[in-house]
Amino acid sequence: MGNRYLAQLTHTSLARAVHAHIVTSGFKSFPLIINRLIDHYCKSSNIPYARHLFDKIPKPDIVATTTLLSAYSVAGNIKLAHQLFKVTPLTIRDTVSYNAMITAFSHSHDGHAALQLFIQMKRLGFVPDPFTFSSVLGALSLIADEERHCQQLHCEVVKRGVLSVPSVLNALMSCYVCCASSPLVDSCLLMAAARKLFDEASTSLRDEPSWTTIIAGYVRNGDLVAARKLLDGMTNHIAVAWNAMISGYVHRGFYEEAFDLLRRMHSLGIQLDEYTYTSVISAASNAGLFYIGSQVHAYVLRTVVKPSQHFVLSVNNALITFYTKCGKLVEAKRIFDKMPVKDLVSWNAILSGYVNARCIEEANTIFREMPERSLLTWTVMISGLAQNGFGEEGLKLFNQMKLEGLDPCDYAYAGAIASCSVLGSLDNGQQLHSQIIRLGHDSSLSVGNALITMYARCGLVEAADTVFLTMPYVDSVSWNAMIAALAQHGHGVRAIQLYEQMLKEDILPDRITFLTILSACSHAGLVKEGRHYFDTMRAHYGITPEEDHYSRLIDLFCRAGMFSEAKTVTESMPFEPSAPIWEALLSGCRIHGNMELGIKAAEQLLKLLPQQDGTYISLSNMYATLGQWDEVARVRKLMRERGVKKEPGCSWIEVENMVHVFLVDDAVHPEVHAVYKYLEQLVHEMRKLGYVPDTKYVLHDMESEQKENALSTHSEKLAVVYGIMKIPLGATIRVFKNLRICGDCHNAFKFISKVVDREIIVRDRKRFHHFRNGECSCGNYW
DNA sequence: ATAGGGTTAG
């Protein structure tokens, strides 16, 4: 019995039999045989048992150590690999075991540790071989961000004469390619260096990885044309290179080119694999091409007979994303549930599917059930909570993430900041901002965009502007966020100016830009401008106005009292008026007292959104104004019968990093008596300046009507008064309300701002009101 | 016993 026989061992049962024989017969175990057994157990993923055997050897040799070390490395257990290496005496280390350890570091993305070890081995007199260079160059690819890093090892490779080893050549090319994507270098220069290596290598040296490396290099650095030229010049068709090209097209949004390459691959008879499929499925997801995606799905099911585990995993992962992006959550979940093996990507894909579909309950369940989580998992969940209005939960999760010892990435910070936007928590937002600066995340695009929105939603438009102006890179999201910030704070003209500047800088507006600019015009009463922008949408930018664009246009006309124009638009729209259209009509009618149209709009809304509380209240108020009390009774009865609950109004204010919440006629807040008392004093002063409480708003409020008096105190008044009492003189009062601000409160705040000579900012569901010196920025237009 | 190329989740 010898090594030759054991080399053919493929079954654990056989290995066990041999092993048992060794043990029972007292057979003196030769290192060769034990090493074979260790190797076997490693390969059959039973590393703990391999380790058990290893520990029994009185004096493990280099081969046994290296075998085990590589097994740890492949399994991703860098800690155990490094431990094993550290306890190995120098006498039983050699170049091979150093190579294995360098590779282990490299595969665990620790380029610096790998490089350190390379330096150490040379200092100790071990001679690097081609394997060493391939490994250490692989590690350098992870960290090289300056040309000289690549050049240093390049020199050493040349001196040692190993540039003629394909794996070394390829790894060196990879180094230049990776370094080229660092923001600190001239990427063309580094790509030229990689290309020179490629061109100067003899044809026989260039193997499939060489071609793929240079093609993928061009793809990664955005030169799709150069990549394509090389691909077209190849005589042998390597699927890997084609896959790199396809994924390049997909990443840059050239979906047609990607599908075209797929068809060519197919007709040339190149074997399509999981990498091809994942890329084209992702193309179908991003381009929203449901038909093509499901065709690919069907084709895979029909043609792939015996898919490997890796194939099943990656293709299904891509399909989960595809189906969620097409809004087919059920199909996505079906695939997810049926998968025999799931990995982190599968879990993250289904999680973000639920989050994007705003199914936050389901997302929470998935998040809890996940067997493991990555930074991405936390980030998806945190920003998902924020996007769905769960600011408090978002911040909580962010803190929990830190408690678990994870370092949040810039996206996670963006999610936390978005949570602050929801809450209007400036204190938390500013603290996060300073952490971000300390950590150097402040150049991140997503962080910048989140900060713009956060400062704007906390009432500090100018701080938002500062962030916008100091961001190193901006995208259309940044412009949209800043335009929206100005619009919400009533700076309609500035919003338009910024939009015009955006056009001057050749940034293409998207559908969101138009939603924003239309709201800006609407808030500021800029009818002519709004109509103009609406017309340019299709004419200049080829963006077909959708329902929400129309509803904003109608809103623009209605607010200005131009009901006949609004009617014309409604009738000429390519679709039937839906809820947002009626809502726009209704709110315009409310401002201008157009009862006839208002009642019609509200009755329509009642049919479309029977659970929306505001409609019943508006409708009953309008009937009440007209004195049609039987109609009032009918609407109320309807509301009761349908079990529609009025969303309770609440307002909050942040004082010294604490959020204080107030309800209508609040009796819960510990200092509420002092608040009422101070409010009384204020009203006394306000009356002297001409303030008359408007009971209309109270009378028509169905909830307070039961109290049969007109003295109900709205939550926003309590919060503002509390702020005046607690916030240092001169500092702005910032109050947030979940619903729209009440008309009497709006009027009262104008007087209060004059009486106490302070700026008061109120954020309601729709926009901001800046009260200063008896005036409001909204111009009574909201 | 050790090395180099392509994919999917924000």
Side-chain angles (χ1 to χ4, degrees), chain A residues 35-36 38-39 42 61-71 73-74 94-104 106-107 128-139 141 162 165-175 177 207-217 219-220 238-248 250-251 273-282 285 310-311 313-322 324-325 343-353 355-356 374-384 387 409-412 414-415 446:
Chain A
N35 289 349
R36 272 289 163 209
I38 290 175
D39 186 48
C42 284
D61 64 2
I62 307 180
V63 176
T65 310
T66 310
T67 305
L68 197 55
L69 195 147
S70 316
S73 163
V74 170
D94 63 358
T95 298
V96 178
S97 61
Y98 268 99
N99 292 350
M101 193 60 229
I102 289 171
T103 307
S106 167
H107 286 331
D129 64 3
F131 283 81
T132 320
F133 283 104
S134 311
S135 306
V136 81
L137 283 165
S141 301
V162 286
V165 177
S167 66
V168 176
L169 169 75
N170 295 338
L172 186 58
M173 280 202 298
S174 268
C175 244
V177 161
D207 59 4
E208 296 192 354
S210 322
W211 282 92
T212 312
T213 304
I214 192 74
I215 289 175
V219 165
R220 273 183 53 172
I238 307 160
V240 182
W242 284 67
N243 290 342
M245 194 70 232
I246 290 180
S247 86
V250 174
H251 276 295
D273 63 14
E274 59 265 50
Y275 294 94
T276 328
Y277 290 126
T278 43
S279 289
V280 294
I281 291 169
S282 130
S285 315
H310 184 245
F311 184 99
L313 197 58
S314 29
V315 172
N316 278 327
N317 287 346
L319 283 170
I320 292 172
T321 306
F322 168 71
T324 57
K325 285 206 179 158
D343 66 359
L344 197 54
V345 178
S346 335
W347 284 95
N348 284 341
I350 195 77
L351 178 76
S352 64
V355 164
N356 290 331
S374 62
L375 268 183
L376 186 122
T377 316
W378 290 87
T379 308
V380 166
M381 201 60 211
I382 292 166
S383 43
Q387 273 160 28
C409 59
D410 54 339
Y411 287 104
S446 47

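Here is the naming used below: chain letters follow the sequence lines, and residue numbers restart at 1 for every chain.
- For A/Pro209, the side chain to side chain contact (heavy atoms under 4.5 Å, CB included) partners at least two apart in sequence or on another chain are A/Asn170, A/Asp207.
- In this structure, A/Asp94 reaches the bases: a heavy-atom distance under 4.0 Å links it to at least one base atom across the strands shown.
- Nucleic acid contact for A/Val345: base, since at least one base atom lies under 4.0 Å from a heavy atom of the residue.
- In this structure, A/Ile281 reaches neither bases nor backbone, as no heavy-atom distance under 4.0 Å exists between it and the strands shown.
- Between the side chains of A/Asn317 and A/Ser314, not a single donor N or O lies within less than 3.5 Å of an accepting N or O.
- Residues that satisfy the side chain to side chain contact (heavy atoms under 4.5 Å, CB included) test with A/Val168, not counting sequence neighbours, are A/Pro130, A/Phe133, A/Ser134, A/Leu137, A/Val157, A/Val162, A/Val165.
- Base contact: A/Thr379 has a heavy atom under 4.0 Å from a base atom.
- For A/Phe131, the ring pair (Phe, Tyr, Trp, His ring centres under 6.0 Å) criterion is met by no residue, not counting sequence neighbours.
- Looking at heavy-atom distances under 4.0 Å, A/Thr321 makes contact with sugar-phosphate atoms alone, never a base.
- Nucleotides of DNA chain B that come within less than 4.0 Å of any heavy atom of chain A span, from the 5' end to the 3' end, B/dA1 to B/dG10.
- When the side chain to side chain contact (heavy atoms under 4.5 Å, CB included) test is applied to A/Ala412, the partners found at least two apart in sequence or on another chain are A/Thr379, A/Phe398, A/Met401, A/Pro408, A/Cys409.
- A/Asp207 comes within 4.0 angstrom of a nucleotide base, judged by non-hydrogen atoms across all strands.
- Partners of A/Ser97 according to the side chain to side chain contact (heavy atoms under 4.5 Å, CB included) rule, which considers only residues two or more places apart in sequence or in another chain, are A/Ile62, A/Thr66, A/Phe85, A/Arg93, A/Asp94.
- Within 4.0 Å of A/His107, counting heavy atoms only, lie sugar-phosphate atoms of the nucleic acid but no base atom.
- A/Ile62 comes within 4.0 angstrom of a base, heavy atoms only.
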